[in-house]
*Asks:* 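My questions will all concern the structure given below.
These numbers were taken from a predicted model, which means no experiment stands behind them. Only heavy atoms go into these numbers, but all of them, side chains included; no hydrogens, no water, no symmetry mates.
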Amino acid sequence: MEEEDPNHNHWQLRPECSPAPELCRRGRNGGARGSGLPGISSSANKFLMNVITVDDYKNTYWPKLECAIDQLLTQSPGDYIPISYEQIYSCVYKCVCQQHSEQMYSDLMCHITRHLETVSLELQAAPPEQYVERFSVALGQYMGALHSIVPLFIYMNKFYIETKLNRDLKDDLLRLFTAHVAEKHIYSLLPLLLEAQSTPFQITPSTMASIVKGLYTLRPEWVQLAPALFSKFIPNILPAAMESELQDYAAQDQKLQRDLMQNGFNRGDQSRKRAGDELSYNGSCSSSQSYR
């Protein structure tokens, strides 16, 4: 089936104004002057004739969407993805207009669930020394994919998920990662992060920050499992310090400075300080782009 430009006149028909199935049947059964439907233009008449059947959706439209989703879910930062975003956006738009939103939503959620189940199994099989880093990669990769997947399905989100289900596509996709990956690994992951926190540079600061911020995005109540860890990367989640605690905080700060010096960070070396600042800044920018 030939793809049509969504910006062409044929596709000015808004999804919420698309004709109901019974109107489509009336149009096919004939009527006065073309479509037989009062107020339906010749462009809309052509739209009505270009019906996407269930078989069309299953055999032509969904396979295109599925292939694009797979590429987005598995891309690495900087990868070139050889897909036409305009074509995929048009596919989604046409399917929404032709009343295939419910099936498309179900297919999308099932397909991404299967992908995440595979991701979880791969994490379980990861060597212990690579486990944290691989979780960070999986989390960042998924969050990055959402930046493309959610906009591509904007019409389904607006005219089906928000309207019929009273939810949001991005929230639903975040819940999938929480249920099929994060919940299954949180109790293995947190002890390793806590151990790394007491051993500086066992895990890079950017990796620690991205994981902790990601877990907080997925489920803020996980803060209660390791408040001290989350407070290092999430501001204002702990109560204000009492005056009696200031001496303890000063001792912790001194210990951190000793650890830094033992690992080659000299307070007088401004070039190192700037490099460290840049690393921290890049880490925070990367995480903010991934999760919002």
Side-chain angles (χ1 to χ4, degrees), residues 1-6 10-11 13-21 24-25 47-48 50-76 79 81-123 138-184 218:
M1 181 176 297
E2 184 180 356
E3 296 295 336
E4 300 189 40
D5 186 347
H10 301 160
W11 296 102
L13 188 63
R14 292 172 59 84
E16 72 270 30
C17 300
S18 59
C24 294
R25 287 194 294 270
F47 172 82
L48 290 174
N50 191 22
V51 175
I52 299 175
T53 66
V54 173
D55 286 341
D56 289 336
Y57 167 79
K58 290 182 177 179
N59 300 323
T60 302
Y61 286 85
W62 174 247
K64 289 182 181 179
L65 297 175
E66 187 177 49
C67 181
I69 293 165
D70 283 339
Q71 292 183 66
L72 292 170
L73 287 172
T74 57
Q75 69 177 323
S76 298
D79 279 357
I81 305 299
I83 64 175
S84 169
Y85 286 84
E86 183 179 2
Q87 184 184 61
I88 300 305
Y89 182 89
S90 177
C91 277
V92 173
Y93 179 78
K94 293 176 185 179
C95 291
V96 170
C97 290
Q98 295 282 330
Q99 314 299 324
H100 295 291
S101 296
E102 182 177 1
Q103 185 61 54
M104 185 164 54
Y105 173 75
S106 175
D107 289 338
L108 176 65
M109 300 299 282
C110 290
H111 188 70
I112 292 183
T113 294
R114 287 193 294 269
H115 167 77
L116 292 176
E117 288 173 345
T118 299
V119 169
S120 182
L121 290 174
E122 290 174 349
L123 286 173
L139 178 61
Q141 192 174 51
Y142 185 75
M143 294 298 190
L146 295 195
H147 284 307
S148 296
I149 293 174
V150 172
L152 286 175
F153 286 86
I154 188 172
Y155 274 98
M156 182 184 72
N157 188 43
K158 184 173 183 180
F159 298 108
Y160 176 71
I161 301 176
E162 291 182 355
T163 304
K164 300 291 182 65
L165 305 180
N166 296 316
R167 295 202 303 267
D168 178 79
L169 178 58
K170 183 177 180 179
D171 292 340
D172 282 359
L173 295 180
L174 288 175
R175 279 191 285 268
L176 285 185
F177 191 93
T178 302
H180 297 285
V181 180
E183 282 185 350
K184 295 180 179 179
L218 294 173

*Asks:* Tell me whether T178 contacts the main-chain N or O of E183 through its side chain, where contact means a donor paired with an acceptor under 3.5 Å.
*Replies:*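 No, T178 side chain to E183 backbone: no donor-acceptor pair under 3.5 Å.
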*Asks:* Under the side-chain contact (heavy atoms from CB on, under 4.5 Å) test against Y142, which residue among I149, L72, I112 passes?
*Replies:*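 Of I149, L72, I112, side-chain contact (heavy atoms from CB on, under 4.5 Å) with Y142 is met by I112 alone.
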*Asks:* How about L65 and D107: do any of their side-chain heavy atoms sit closer than 4.5 Å?
*Replies:*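 In short, these two side chains do not touch, never coming nearer than 4.5 Å.
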*Asks:* Decide whether D70 and H115 meet the rule of one side-chain donor and one side-chain acceptor closer than 3.5 Å.
*Replies:*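 The answer is no; no qualifying pair exists.
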*Asks:* Shortest non-hydrogen contact from W62 to H111?
*Replies:*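 Of all heavy-atom pairs spanning W62 and H111, the closest is CZ2-CB, 4.2 Å.
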*Asks:* Which residue in the set N166, L169, D171 passes side-chain contact (heavy atoms from CB on, under 4.5 Å) when paired with I161?
*Replies:*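 Between I161 and the candidates, side-chain contact (heavy atoms from CB on, under 4.5 Å) is satisfied uniquely by L169.
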*Asks:* Using the side-chain contact (heavy atoms from CB on, under 4.5 Å) rule, pick out the option among Q87, K94, E86 that qualifies with S90.
*Replies:*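 Single pass found, and it is K94.
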*Asks:* With ring pair (Phe, Tyr, Trp, His ring centres under 6.0 Å) as the criterion, how do Y89 and Y155 come out once you've worked through the C-alpha distance, each side chain's angles and the decisive distance to 0.1 Å?
*Replies:* CA-CA 9 Å; Y89 182 89; Y155 274 98; 5.5 Å; yes
*Asks:* Please report the C-alpha distance between V119 and L73 in whole Å, then the side-chain angles of each, then the deciding distance to 0.1 Å, and finally whether the side chain to side chain contact (heavy atoms under 4.5 Å, CB included) criterion is met.
*Replies:* CA-CA 11 Å; V119 169; L73 287 172; over 6 Å; no
*Asks:* Could you tell me whether the side chain of H100 and the main chain of I52 form a donor-acceptor pair under 3.5 Å?
*Replies:*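 Yes, the answer is positive, given that a donor and an acceptor are paired below the 3.5 Å cut-off.
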*Asks:* Are the side chain of S148 and the backbone of G144 linked by a donor-acceptor contact shorter than 3.5 Å?
*Replies:*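 Here the side-chain-to-backbone pair does not exist.
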*Asks:* Checking S120 side chain against L116 main chain: does a donor-acceptor pair fall under 3.5 Å?
*Replies:*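 Not a single qualifying donor-acceptor pair exists.
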*Asks:* Give a yes or no on whether the backbone of D55 and the side-chain of N59 come within a donor-acceptor separation of less than 3.5 Å.
*Replies:*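 Pair found, side chain donor or acceptor close to backbone of D55.
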*Asks:* Keeping the roles fixed (side chain from Q98, backbone from T53), state whether a donor-acceptor pair exists under 3.5 Å.
*Replies:*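 Here the side-chain-to-backbone pair does not exist.
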